[in-house]
Structures are given as C-alpha cells and as structure tokens.
Amino acid sequence: MSSSTTLFSNISSNSTSLFSDKCTLTVLTVSFLLVLLVMKETGVLKFLQNSKLSLPPGPPKEPILGHLRVMPSENQSDVFHEWAKVYGDVIGLQFLGRNIIVLDSFQPAKELLDNRGLYYSCRPNFVVYELMGISPVLTFLRYGTKEFFKHRKIFQSFFGKRESAEYIPTQAEYAKILAGNLIRDPQQYVWYLEKFTTSVIIRISSGYQVIEDDDMYIKIAHEYSKKLNDSGSPGNTPVDYFPWLRYLPSWFPGTFYAFHARSAYKMMRQEFDVPVEYVQRQMANGTAQPSFLLYLLEGLNRRLEDIEDPLKKQTLYREELLHIAGAAGTVYSAGGETAYATLQTFILSMTLYPEVQRSAQEEIDRVFGVYDNGVSRLPEIEDRENLPFVECVLQELFRWHPAVPLGVPHRSTSDDVYNGMSIPKGSIIFSNIRGMSLDERIYSDPDSFNPMRFMPKEKGGKEEPYFAARWGFGRRICPGRYLAETQLWLAIATILATLNIRKTRDENGKEIEPEVKFTDGLVR
Ligand code: HEM
C-alpha cells in the first residue's frame with residue numbers, strides 16, 4: 001500500500017512537474033513568438049538582424065564624409081564598373097548620411113529590382129528637376145502613389161506592344177525622310193538624327209508635323225535636353241539630398257543646382273505646355289490629329305461634362321491639365337533623347353566597324369536586291385524577322401554603349417538582406433546598365449561592337465543572350481520599349497539599305513579617326 005501510494009504520489013508529482021514544465025514551455029514559446037511577431041511587424045527584428053550584417057563592400061571611406069570625396073564626378077558608370085572588379089558586383093557607398101548601392105551585374109539587379117520589386121521601386125527625391133518644372137512626370141514619381149499608378153496606366157494603355165504597332169507607318173515615313181536628308185547633306189547627320197527622333201515623338205504625342213529645319217519644337221526639345229544634361233547627376237546633387245538648400249542664397253555652398261534649376265524653369269515648362277496649347281487650339285478649330293494628347297484631352301473633356309459645379313469643374317481641369325502636360329512631356333523627354341543617343345552610337349559603330357556594316361548591307365541586298373536598281377524596295381517592319389543580322393546590329397547597339405548607362409535610380413522602402421549583406425531602407429539603388437553590358441562572364445570581348453555574338457553557332461555566332469538590362473527593371477521598366485525598338489529598327493534598316501557610312505577625310509584624303517567620347521548625364 002505504502003509503496004503503491006509512494007509510487008502513485010511519485011507518478012503524480014512527476015506528472016505535475018512535467019505538466020507545469022510543459023505549460024511554462026508553451027507560455028514561453030507563445031510569448032517568444034508574440035515578441036518576434038511584434039518585432040517583425042515593427043521592423044525591429046530586421047533592424048537587429050541587419051545591424052549585425054554589414055553593408056555591401058566598397059572603396060575605403062573617410063569618417064563623417066564617407067565616400068563623398070571618392071565619388072566620381074564624371075564617367076560614373078565606368079568608374080563603378082572598375083570598382084566592381086575589386087569589391088564585387090554589389091557595391092555599398094555612403095555619403096551625406098545616405099546609403100548608395102550600385103548593382104553591377106544582371107543577377108542581383110533582377111533579384112532585387114524585379115523579384116523583390118515591391119520594396120525596390122520607389123525613386124529618390126529629384127528636387128532639382130522639380131525646381132526646373134519637370135513635374136509630375138512618371139520617371140520621377142514615387143512608387144505606390146495615386147499619381148504613379150495613374151501615369152503608369154496611361155503609358156501602358158497608349159504604348160503597349162499592340163498600341164505601339166499603330167505608330168509604325170509614322171515611324172517608317174520619317175525614317176525615309178531621315179535617309180533622304182542624310183543622302184542630301186551628310187555633314188549635318190547629327191542634326192538630322194535629332195530632327196528625326198523629335199519629329200516622330202512630337203507627331204505621336206501631339207499630332208504636330210515638323211517640316212522646317214528651324215522648327216520651334218525641335219528648338220525647345222534641344223534646349224530642354226541641354227539644360228537637363230547640365231543639371232548634375234540625377235537625384236544625386238546636394239540639393240536633392242538636402243532640399244532646404246534651395247531656400248539659401250546662391251553664394252551658399254551646395255546651392256548651385258537649385259539656382260541653375262530656377263533659371264531654367266521658364267524654358268523647361270515650354271516642353272510641357274506648348275504642345276498642350278497647340279492641341280487645344282487644334283481641337284477648338286476641329287483640325288486635331290489623333291495623338292496621345294488628343295486622347296487625354298478628350299478624356300478630360302468627357303469627365304468635365306459630367307460635373308455641374310463650376311468650381312469643381314475648374315479645380316479638376318487645372319489639376320488634370322497639369323498631369324496631362326506632365327505625361328506628354330515625359331514622352332518627348334524620355335523618348336526623344338534616348339533614341340537620338342542610340343542612333344548616334346549607330347553611326348559611330350558603323351564608322352568604326354565597316355565590316356559589320358558590309359555584312360548587314362549584304363543581308364539586306366540578299367533579301368531585297370540592290371536598292372535603286374529598279375528591283376528593290378526599302379525594308380519594312382514585316383521584314384524584321386528575315387533580317388537576323390540587322391536585328392543583331394540593333395541588339396548590339398543596346399549593349400555596346402547603353403543610352404541610359406546608370407539607369408534611373410530606384411530607392412528601397414524596406415530594410416533587406418541580400419547574400420548576407422544589409423541593404424537599409426531608403427538606400428538609393430543604381431543599376432549600372434553599362435557595367436552589366438561589359439560582364440565578361442556573359443559577353444566575350446565586351447568592348448568590341450560585334451553583332452555576331454548573338455547569332456546561332458551554326459551560323460558562326462556565339463549564341464550570347466540579348467542584353468536584358470537595356471530597358472531597366474521590374475515595376476519601373478521602360479514603358480516606351482516597344483515604340484523605341486520599332487523606331488530604331490526602321491531607322492537603321494533604312495539607313496543601311498540606302499547609304500554607306502564611313503569616316504570623314506581630311507584635305508589630304510586621309511581618314512580622320514573619330515573620337516569615342518560619350519557625354520555624362522541621365523542619357524549619354
Ligand atoms: C532607346 C530608347 C530607350 C531606352 C534605351 C530607354 C531606357 C529606359 C531605362 C533604362 C529606364 C529606367 C527603368 C528603371 O527605372 O529601371 C527607362 C524608363 C522610362 N522610359 Fe525609356 N527608354 C527608351 C525609350 C523610351 C520611349 C520612346 C519612351 C516613351 C514613349 C520612354 C519612356 C520611359 C518612361 C516614362 C520611363 C520611366 C518609367 C517609370 O519610372 O516608371 N522610354 N527607359
């Protein structure tokens with residue numbers, strides 16, 4: 001009896017202690033999980049995890065100033081690429097209290113900006129551009145705002161793949177005019193390339209037809225891009241970092257770009273407002289041609305018809321007109337400059353690589369016969385797939401010297417960890433598109449212009465992949481890419497079919513070697 005009692009009491013006391021231990025454990029586990037959950041929700045957990053991790057490696061920095069004094073003031077994309085060879089393809093820089101992450105190869109850029117796009121799609125402050133009157137434009141709008149989604153939707157519904165195909169006849173018409181101008185006056189080729197790209201984009205966006213060489217819209221577009229190129233590294237000037245600098249007098253250090261921006265304001269606004277006024281006049285006369293602006297202004301008129309209150313009507317009109325002007329201005333500034341830069345690169349590549357030009361022309365001649373021999377016609381967009389080498393020339397243009405070498409900077413909106421490296425919330429992310437184009441793990445001899453690299457092996461090529469970074473990344477990928485590709489293809493196919501591009505000669509008939517030099521700025 002006693003032994004059984006003892007046994008029972010032992011069992012009972014064991015089970016009680018076991019039960020209470022289990023209970024304590026459960027309470028502890030639940031509390032721990034709750035604390036973790038609260039820490040996760042409030043971001044404390046990520047902060048603690050990240051604070052143990054270090055930022056991506058980068059060049060040595062100084063106390064307080066960080067990397068300020070080593071930041072390159074020119075050729076940033078090339079300097080970053082050289083650094084990547086030493087520190088790896090994710091580089092961390094710090095200055096003026098900011099973290100800057102440079103992504104120098106495709107894989108991390110795709111992982112962060114595309115796969116984790118929810119947290120990497122914002123933009124830094126572009127205070128200088130705002131002071132210049134460049135607002136509201138999709139390129140610089142913050143991700144997640146009502147305005148962002150509104151502008152992005154407008155672009156996607158007007159410049160999607162199917163919609164862009166509708167502009168092909170206009171692009172083809174202007175490509176022929178371009179070839180004619182180049183044949184007539186080859187010395188002025190830079191001017192005619194600019195005229196071509198501006199004419200196409202202004203026609204699509206406002207229905208306006210550029211005819212004369214001294215056209216007002218071309219002058220506006222030209223001045224606009226000049227002022228933009230002189231306005232410092234995008235989102236990266238002291239005024240962008242410390243917006244209060246804009247209120248200080250111009251002699252105060254760091255205020256230079258605020259002063260520059262204010263003095264450019266009136267001129268810059270013309271790029272946005274003049275085409276809107278033109279289309280409004282045409283609408284009033286009943287002569288407006290189909291265009292991006294007509295589509296937006298008609299949509300606004302329909303919305304206004306439903307509003308009775310004159311004050312509400314007036315407010316909506318003012319607000320929406322600003323957005324319409326901003327969206328149309330984005331089309332000229334984002335679409336004209338980039339295509340113009342790419343075509344200049346095309347001319348340069350053809351002078352430096354005459355054998356590439358010959359191969360492309362032989363392909364065209366094989367398909368169409370020799371132009372001007374009565375047996376030929378000019379290439380049309382339907383011929384694109386029958387001209388694989390011309391296609392490779394276009395794709396190599398996107399890779400060899402990308403028009404937007406550092407992309408448009410993104411900004412992260414959450415603390416993150418990538419490959420054991422901390423990427424703090426608020427980091428400015430540069431996708432070094434130029435650096436990616438030089439990746440020797442993907443492209444053999446990347447400095448040389450070699451369209452054959454993309455051709456199939458059985459045709460003597462290397463089957464290297466097309467340059468995937470050319471349009472940027474994720475939720476900010478270029479919405480004008482379909483429009484741009486057809487325009488550029490038509491221009492280069494028409495030029496190759498009708499002209500021979502070669503180096504100019506000096507008075508002794510000796511070829512002058514062109515200088516390979518690109519401008520700095522958002523677009524080179
Ligand atoms: C050769 C021609 C072009 C090139 C190389 C190019 C390249 C790019 C690149 C690299 C970006 C940055 C994407 C990112 O942030 O990751 C971009 C953005 C953009 N592009 Fe293009 N682009 C071209 C033509 C065009 C055209 C024709 C249009 C307009 C019709 C256009 C409109 C835009 C806009 C609005 C953005 C900003 C998108 C956003 O922030 O959400 N682009 N482009």
Side-chain angles (χ1 to χ4, degrees), residues 77 103 106 109-110 112-114 117 120-124 126 129 134 136-145 147-161 163-164 167 170-171 193 196-198 200-206 221 234-235 291-293 326-346 394-395 397-411 428-434 436-437 467-492 522-524:
S77 54
L103 306 173
F106 183 72
K110 176 147 179 56
L112 298 180
L113 306 182
D114 208 342
Y120 284 90
S121 297
C122 210
R123 296 285 193 210
F126 289 98
Y129 293 165
I134 309 178
V137 305
L138 173 58
T139 322
F140 308 127
L141 284 173
R142 286 169 177 236
Y143 181 75
T145 57
E147 286 76 21
F148 169 81
F149 290 116
K150 179 185 181 140
H151 281 243
R152 191 86 206 174
K153 199 169 153 207
I154 293 176
F155 271 82
Q156 273 158 357
S157 58
F158 210 83
F159 296 111
K161 195 171 184 177
E163 292 76 15
S164 294
Y167 315 119
T170 304
Q171 294 173 325
L193 295 180
F196 164 69
T197 51
T198 310
V200 173
I201 214 79
I202 196 83
R203 174 85 178 264
I204 290 169
S205 54
S206 70
S291 71
F292 182 65
L293 269 172
T330 311
V331 178
Y332 333 126
S333 51
E337 268 285 286
T338 43
Y340 172 44
T342 309
L343 284 179
Q344 287 192 70
T345 308
F346 167 66
L394 174 66
Q395 297 301 332
L397 275 178
F398 290 134
R399 187 205 66 84
W400 188 52
H401 277 285
V404 192
L406 265 181
V408 181
H410 291 220
R411 183 167 61 85
I428 313 283
I429 319 284
F430 283 102
S431 36
N432 191 3
I433 295 182
R434 161 91 174 134
M436 295 175 202
S437 76
F467 183 45
R470 62 196 184 282
W471 306 115
F473 293 91
R475 297 166 194 215
R476 306 302 298 234
I477 193 166
C478 174
R481 58 197 183 281
Y482 303 112
L483 186 78
E485 267 211 26
T486 47
Q487 179 174 346
L488 291 168
W489 188 89
L490 282 164
I492 68 168
L522 195 59
V523 178
R524 23 173 56 173

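Both counts, for ligands and for their atoms, begin at 1 and track the order of listing.
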| Heavy-atom pair of closest approach, residues Tyr120 and Leu112 | CD1-O, 3.3 Å
| In terms of residue, atom name and distance, what is the protein heavy atom nearest to atom 34 (C) of ligand 1? | Pro479 CD, 3.4 Å
| query | Which option out of Arg152, Arg475, His151 puts a heavy atom nearest to atom 41 (O) of ligand 1? | reply | Arg152
| Nearest neighbour in protein (non-hydrogen) for atom 23 (C) of ligand 1 | Thr338 OG1, 3.4 Å
| With a 4.0 Å cut-off on heavy atoms, is His410 touching ligand 1? | yes
| field | Ile154 side chain reached by Phe292 side chain, heavy atoms, under 4.5 Å | value | yes
| remark: Atoms of ligand 1 under 4.0 Å from any heavy atom of Thr342, numbered from 1 in the order shown, are 1 (C)
| said: If I take atom CG from residue Leu488 and atom OG1 from residue Thr345, how far apart are they, to the nearest 0.5 angstrom? | reply: 10.0 Å
| remark: Short version for Val408: what comes under 4.0 Å of ligand 1, heavy atoms counted, is both
| Can you tell me how far CD of Gln171 sits from CG of Leu483, rounded to the nearest 0.5 angstrom? | 5.0 Å
| remark: When rounded to the nearest 0.5 Å, the distance separating CZ of Phe148 from CZ of Arg476 is 4.5 Å
| note | closest protein heavy atom to atom 32 (C) of ligand 1 is Ala334 CB, 3.4 Å
| said: For Leu141, state whether at least one heavy atom is located under 4.0 Å from any atom of ligand 1. | reply: no
| Quick one: OH on Tyr332 to CD1 on Ile202, what's the gap to the nearest 0.5 Å? | 4.5 Å
| Over all atoms of both residues, closest heavy-atom pair of Arg481 and Trp471 | CB-CD2, 3.3 Å
| message | Tell me whether Gln487 reaches ligand 1 (any heavy atom closer than 4.0 angstrom to a ligand atom). | response | no
| task | Compare Ala327, Ala403, Gly335, Ser121 and give the one whose heavy atom is closest to atom 26 (C) of ligand 1. | result | Gly335
| task | Consider every N or O of Arg123 and every N or O of ligand 1, then say whether any pair is closer than 3.5 Å. | result | yes
| query | Looking only at heavy atoms, which two atoms of Arg475 and Gly117 are closest? And how far apart? | reply | NE-C, 3.7 Å
| task | To the nearest 0.5 Å, tell me how far Leu293 CG sits from Ile204 CD1. | result | 12.5 Å
| query | What residue and atom, counting heavy atoms only, is the protein's closest point to atom 21 (Fe) of ligand 1, and at what distance? | reply | Cys478 SG, 2.3 Å
| said: Measuring from non-hydrogen atoms of Ile204 to any atom of ligand 1, is the shortest distance under 4.0 Å? | reply: no
| Can an N or O of Thr330 be found at a distance shorter than 3.5 Å from an N or O of ligand 1? | no
| What is the ring orientation for Tyr129 with Phe126, classed by angle as parallel under 30°, tilted 30 to 60°, or perpendicular over 60°? | parallel
| query | For ligand 1, which part of Ile433 has a heavy atom less than 4.0 Å away: the side chain, the backbone, both, or neither? | reply | side chain
| atom 4 (C) of ligand 1: the protein heavy-atom neighbour that sits closest, reported with distance to 0.1 Å | Trp471 CZ3, 3.4 Å
| field | Contact atoms of ligand 1, heavy-atom distance to Leu488 under 4.0 Å | value | 1 (C)
| task | With rounding to the nearest 0.5 Å, note down the distance linking NE2 in His151 to OG1 in Thr145. | result | 8.5 Å
| remark: shortest atom 37 (C) of ligand 1-to-protein heavy-atom contact is with Thr139 CA, 3.6 Å
| query | Gly480 to ligand 1: N or O pair under 3.5 Å? | reply | no
| field | Close side-chain approach of Leu138 and Pro479, heavy atoms under 4.5 Å | value | yes
| ligand 1 atoms in contact with Ala484 (distance to a heavy atom under 4.0 Å) | 2 (C), 24 (C)
| How far is atom 13 (C) of ligand 1 from its nearest protein heavy atom, and which residue and atom is that? | Arg476 O, 3.1 Å
| said: Check Glu485 with Arg470, please: is the shortest side-chain N to carboxylate O separation under 4.0 Å? | reply: yes
